[in-house]
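What follows is a short report on a single structure.
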Amino acid sequence: MSNTSQASERIKALLDDNSFVEIGELVTARTTDFNMKQTETPSDGVVTGYGVIDGGLVYVYSQDASVMNGSVGEMHAKKIANLYALAMKTGAPVIGLLDCAGLRLQEAADALNGFGEIYRSQALASGVIPQITAIFGTCGGGLALIPTLTDFTFMEKSKAKLFVNAPNALDGNVITKCDTSAADFQSKEAGIVDCVADEAAIFAKIRELVAFLPANNEDDAPFEECGDELNRVCESIEACSGDTALALSQISDSGKVFEVKEDYAKDMVTAFIKLNGLTVGAIANRTEVYGEDGKVSEKFDAVLSPEGCDKAADFITFCDAYDIPLLTLTNVKGFLATTDAEKKIAKAAARLTYAFANATVAKVNVVTKKAFGSAYVTMNSKAIGADITFAWENAQIGTMEAELAAKIMYEGQGADVISEKAAEYKALQTSALSAAKRGYVDRIIAPADTRRYVISAFEMLFTKREERPAKKHGTV
């Protein structure tokens with residue numbers, strides 16, 4: 001590799017040793033207006049090429065901030081679009097390493113057209129090849145659409161900036177008041193960023209993510225030999241059922257979990273896990289977050305939030321596009337009831353319902369605690385297409401909690417009557433047993449046996465094929 005810029009060094013740090021082959025190294029800008037004639041543009045500010053991660057082919061482009069601040073001009077954009085064309089032909093992921101001042105003003109309409117060529121390449125590739133971006137410097141204005149058109153976004157924790165409008169350009173805001181371009185804001189508030197870390201950690205995390213993903217929509221996800229016991233008892237799973245990120249680590253092979261958008265909408269966990277060596281996408285309601293000290297640091301009610309629904313719907317859509325099976329851990333009793341939530345919850349819950357119902361991959365649901373009302377129906381219930389539903393022995397499934405139902409049905413009655421009727425309702429209408437008798441639960445299991453039953457279900461569903469009505473696409 002003749003180019004020794006930081007852009008090239010980043011590629012070297014990401015890929016397997018000595019595997020990178022650069023394409024378009026000699027490309028430079030054509031424009032000579034506005035002092036461009038005197039300006040050297042090696043590789044036109046972006047290093048492009050291909051290499052391997054753990055032996056698997058990937059395409060990579062890395063913007064070079066030392067060349068006109070990494071700004072996107074005509075030839076810069078053509079190099080990225082050409083890389084996408086090769087990736088589509090060969091069926092391999094594209095990884096973009098972003099560090100860019102934005103549009104190259106000297107090239108005006110040519111640069112704008114270049115933005116459009118990149119956008120179109122990304123749109124055509126969506127659902128065909130995985131797309132990953134990592135932001136190390138500035139990513140502003142129209143460039144901010146590039147990471148949001150991809151499947152997964154990483155952001156360097158201190159120097160990276162992501163924005164459409166700069167913080168100081170927002171009405172009533174200054175950067176010292178709220179840095180809307182910072183990684184912290186974009187991961188926790190906007191929900192755009194999947195992982196925030198330092199540069200070295202980002203490369204390690206991207207390599208870890210790639211190990212879970214198929215190369216394209218017609219390929220299988222990487223299989224790895226499972227050294228874990230398939231029938232292993234998950235002794236601690238019930239104790240950590242509130243923090244389902246931990247519960248998933250109990251189920252997964254050797255505890256392998258890659259959480260997606262872990263800082264956003266923490267009431268909903270979305271993650272990749274391995275079951276008997278195969279990649280599975282997991283979606284789980286969460287009511288507790290445990291800190292590094294082993295103590296509960298955050299608590300949530302067992303309800304669906306608009307942000308949690310959107311986070312899960314996006315993840316389900318990705319998994320279905322790449323034929324990755326879906327596992328849900330369900331513990332939900334309703335919808336978040338706030339004025340702000342009410343503005344968005346109906347549409348968000350509809351998106352989540354549609355995502356589950358529309359997905360044709362194998363779908364397994366485990367009801368861990370509560371499953372009440374239409375929020376339960378939304379969470380991968382049998383009614384909207386779950387192939388197999390398990391319930392833990394003490395799980396509750398029904399329209400609402402027994403005490404509340406009794407108060408409504410026997411309004412005005414004494415406390416003794418309410419208590420008696422609540423107990424009857426719980427046994428007859430909200431127990432896992434009553435749901436199983438009606439066929440809404442396929443098997444009641446002990447929490448400790450979750451891993452072996454889930455693995456068995458996915459093995460049985462391995463050859464699942466399911467058609468949908470012929471149409472161009474849905475509209476939800």
Side-chain angles (χ1 to χ4, degrees), residues 1-27 42-67 70 76 79-100 118 121-122 125 128-137 139 146-147 150-157 159-160 193-216 219-224 256 258 260 272 279 322:
M1 190 187 307
S2 61
N3 194 326
T4 57
S5 66
Q6 186 178 33
S8 298
E9 291 301 316
R10 284 171 176 156
I11 293 176
K12 183 179 178 182
L14 172 65
L15 301 180
D16 292 356
D17 291 344
N18 302 314
S19 71
F20 182 63
V21 178
E22 188 170 352
I23 301 171
E25 181 181 0
L26 300 179
V27 171
S43 298
D44 206 39
V46 60
V47 181
T48 58
Y50 60 91
V52 297
I53 291 178
D54 291 332
L57 174 67
V58 295
Y59 291 86
V60 186
Y61 68 89
S62 180
Q63 292 177 320
D64 187 352
S66 70
V67 178
H76 181 123
K79 288 180 67 176
I80 296 174
N82 178 58
L83 200 72
Y84 264 93
L86 284 170
M88 290 285 279
K89 290 175 185 176
T90 57
V94 173
I95 302 171
L97 310 180
L98 306 183
D99 189 352
C100 174
I118 297 173
S121 297
Q122 291 184 281
V128 180
I129 54 173
Q131 301 177 64
I132 300 168
T133 47
I135 304 166
F136 297 103
C139 181
I146 290 176
T150 62
D151 301 305
F152 304 99
T153 301
F154 296 76
M155 199 166 172
E156 196 276 333
K157 64 182 180 181
K159 297 176 183 177
V193 175
D194 293 281
C195 177
V196 175
D198 60 38
E199 196 158 315
I202 284 174
F203 296 134
K205 294 291 284 185
I206 292 176
R207 290 178 63 89
E208 184 183 346
L209 172 61
V210 169
F212 280 95
L213 305 179
N216 56 69
D219 199 7
D220 294 327
F223 174 81
E224 55 186 64
K256 290 183 179 179
F258 189 96
V260 175
F272 294 111
T279 297
Y322 292 94

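All figures in this text were calculated on a predicted structure; none of them were measured in a lab.
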Interatomic distance, [X] atom [atom1] to [Y] atom [atom2] [nearest 0.5 angstrom]:
X: Met155; Y: Thr133; atom1: CE; atom2: OG1; result: 10.5 Å
X: Tyr61; Y: Leu97; atom1: OH; atom2: CG; result: 8.0 Å
X: Ile135; Y: Ile202; atom1: CD1; atom2: CD1; result: 9.0 Å
X: Ile95; Y: Ile206; atom1: CD1; atom2: CD1; result: 6.0 Å
X: Leu57; Y: Leu15; atom1: CG; atom2: CG; result: 10.0 Å
X: Glu156; Y: Leu98; atom1: CD; atom2: CG; result: 13.0 Å

Q: Kindly give the heavy-atom pair with the smallest separation between Ala215 and Pro130, and that separation in Å.
A: O-CD, 3.2 Å
Q: Heavy atoms only: give me the nearest His76-Gly45 pair and the separation to one decimal.
A: CE1-O, 3.3 Å
Q. Of all residues at least two apart in sequence or in a different chain, which pass the salt bridge (charged side-chain N to carboxylate O under 4.0 Å, His left out) check with Asp220?
A. none
Look at the side chain of [X] and the backbone N and O of [Y], then say whether any donor-acceptor pair between them is shorter than 3.5 Å.
X: Asp194; Y: Phe154; result: no
X: Lys79; Y: Val46; result: yes
X: Thr279; Y: Phe212; result: yes
X: Gln122; Y: Ile146; result: yes
X: Asp16; Y: Gly51; result: no

Q | Ion pair check, Asp64 and Arg10, cut-off under 4.0 Å | A | no
**Q.** Audit row: Thr90, Tyr59, side chain to side chain donor-acceptor pair (under 3.5 Å) steps and yes/no
**A.** CA-CA 10 Å; Thr90 57; Tyr59 291 86; 2.9 Å; yes
**Q.** CA sep, side-chain torsions, deciding dist, call: Lys159, Glu199, side chain to side chain contact (heavy atoms under 4.5 Å, CB included)
**A.** CA-CA 10 Å; Lys159 297 176 183 177; Glu199 196 158 315; over 6 Å; no
Close side-chain approach of [X] to [Y], heavy-atom, < 4.5 Å:
X: Ile132; Y: Val58; result: no
X: Lys12; Y: Phe20; result: no
X: Val94; Y: Ile129; result: yes
X: Lys256; Y: Glu208; result: no

Q.
In terms of relative ring orientation, are Phe152 and Phe272 parallel, tilted or perpendicular, with 30° and 60° separating the classes?
A. perpendicular
Q. Should we count OH of Tyr50 as having more than 12 external heavy atoms under 6.0 Å?
A. no
Q) If you draw a 6.0 Å radius around NZ in Lys157, do more than 12 non-hydrogen atoms from other residues or ligands fall strictly inside? A) no
